[in-house]
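Down below is the structure, laid out as structure tokens.
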Amino acid sequence: MKKTFHYLLFSLSLLTIALVLCSCGAEEKQTATTYDMKDNIYVLARNNQWGILNSNGEFVIAPQEYSLNILRDSITHAPKYIQASKIIPGEKDEEYDVYWDNQYQTALYDTKGNLIYDFDQGHFSDAFGDYLCMYRNEKRQMVNMKTGDAIDIENININTCKDYIIFSSYDEISCTFYDQNMAVIKELP
């Protein structure tokens with residue numbers, strides 16, 4: 001209980017610091033948080049088939065049997081990637097009519113429907129500019145999709161505020177502010 005209270009207090013203090021820092025730079029300017037809506041894409045799901053449509057109503061990915069999810073940039077909210085997921089059923093429990101120990105495999109596409117990663121163990125979560133959070137081979141990493149460089153983020157909480165990416169540790173009372181290129185802006189002890 002005491003650990004939970006300390007974690008809650010730590011989280012609230014980081015949130016307060018982030019809000020103060022972000023509000024200091026709040027000017028009336030156009031930032032990278034806008035994108036052209038004509039580049040938007042949409043998931044179409046029907047009859048256990050999923051497809052991706054662009055703003056012209058054309059299929060970027062034709063309807064298929066795997067579940068599709070659009071990964072948007074956490075700062076600009078523009079679509080960055082498309083994640084396709086398939087379930088490999090585990091052992092079926094006849095009594096409850098459910099499958100146990102299901103395996104999940106994931107593929108990753110760009111917004112034009114080009115395959116980046118073929119179906120593999122793990123999954124992808126948040127996109128931050130050129131960086132994508134990946135859970136693969138029992139590791140949580142943030143990978144630069146242009147260079148392939150990876151940052152281990154096993155015990156890191158990631159948030160955004162305006163154009164900043166904020167890393168805070170679950171183990172220490174500190175946080176680091178990065179820009180969209182992962183250059184350090186400010187570190188707080």
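Along the sequence shown, residues carry numbers from 1. Just so it is clear, the values below take in all heavy atoms, side chains as well, and ignore hydrogens, waters and symmetry mates.
The local environment of NZ in K86 is crowded, with over 12 non-hydrogen atoms from other residues, nucleotides or ligands closer than 6.0 Å. Within 6.0 Å of CG on N48 lie no more than 12 heavy atoms contributed by other residues, nucleotides or ligands. Crowding of E154 atom CD: a count of heavy atoms from other residues, nucleotides or ligands under 6.0 Å exceeding 12. In this structure, K92 places its NZ atom where more than 12 heavy-atom neighbours from other residues, nucleotides or ligands lie under 6.0 Å away.
In this structure, the separation between CD1 on I158 and CG on D126 is 7.0 Å, given to the nearest 0.5 Å. The line from CD of Q83 to OG1 of T106 is 5.0 Å long, rounded to the nearest 0.5 Å. Taking CE from M182 and CD1 from I151, the interatomic distance works out to 4.0 Å, rounded to the nearest 0.5 Å. Between I61 atom CD1 and T111 atom OG1 the span is 9.5 Å, to the nearest 0.5 Å. Here the CG atom belonging to L108 is positioned 11.0 Å from the CG atom belonging to N114, to the nearest 0.5 angstrom. Here the straight-line distance linking atom OG of S168 with atom CD1 of I173 works out to 11.5 Å at 0.5 Å rounding.
In terms of modelled atom types and a separation under 3.5 Å, the side chain of D73 and the main chain of H77 share no donor-acceptor contact. Remark: side-chain polar atoms of N47 are not paired, donor with acceptor, to backbone N or O of Q49 under 3.5 angstrom. In this structure, D179 contributes its side chain and A183 its backbone to a donor-acceptor pair below 3.5 Å. N56 contributes no side-chain N or O that, together with a main-chain N or O of E58, makes up a donor-acceptor pair within less than 3.5 Å.
Put simply, Y42 and L44 are part of two different groups of oily side chains (I, L, V, M, F, W, Y) that touch within less than 4.5 Å, one to the next. In the hydrophobic clustering of ILVMFWY residues, with side-chain heavy atoms under 4.5 Å counting as a link, I75 and M142 come out together. Linking Ile, Leu, Val, Met, Phe, Trp and Tyr whenever their side-chain heavy atoms come within less than 4.5 Å puts M134 and L71 in one cluster. Note on I166: it clusters hydrophobically with I185, by side-chain heavy-atom contacts below 4.5 Å among ILVMFWY residues. At a threshold of 4.5 Å between side-chain heavy atoms, the hydrophobic network of Ile, Leu, Val, Met, Phe, Trp and Tyr places Y164 and L188 in one connected group.
Looking at residues two or more places apart in sequence or on another chain, you find a side-chain contact (heavy atoms from CB on, under 4.5 Å) between L115 and A107, Y109, D118.
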Practice task
Please assess I41 against I82 for the test side-chain contact (heavy atoms from CB on, under 4.5 Å), listing each intermediate value before the final yes or no.
Solution key: CA-CA 10 Å; I41 55 177; I82 301 164; 3.9 Å; yes

Handout entry: Derivation and outcome, side-chain contact (heavy atoms from CB on, under 4.5 Å), residues V143 and L132
Key = CA-CA 5 Å; V143 177; L132 180 66; 5.5 Å; no

Problem - Candidate pair M145 and D130, rule side-chain contact (heavy atoms from CB on, under 4.5 Å), full reasoning - result: CA-CA 6 Å; M145 298 302 287; D130 292 336; 5.5 Å; no

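Between D110 and K80, none of the side-chain N atoms (NZ, or NE/NH1/NH2) sits under 4.0 Å from a carboxylate O, so this pair counts as no salt bridge.
For the pair S169 and I156, the tightest heavy-atom approach, listed with the atom from each and the gap, is CA-CD1, 4.4 Å. Residues L68 and A84 approach most closely at CD2-CB, 3.5 Å, considering heavy atoms. Closest of all the heavy-atom pairs between E95 and D93 is N-OD1, 3.0 Å. Closest heavy-atom contact between I153 and C133: CD1-SG, 3.9 Å. In plain terms, the two heavy atoms of I70 and P79 that are nearest each other are CG2-CB, 3.9 Å.
At least one side-chain heavy atom of Y178 sits less than 4.5 Å from a side-chain heavy atom of V184.
The residue from Y135, Y81, Y117 that alone fulfils the ring-ring contact (aromatic ring centres under 6.0 Å, His included) condition with F124 is Y117.
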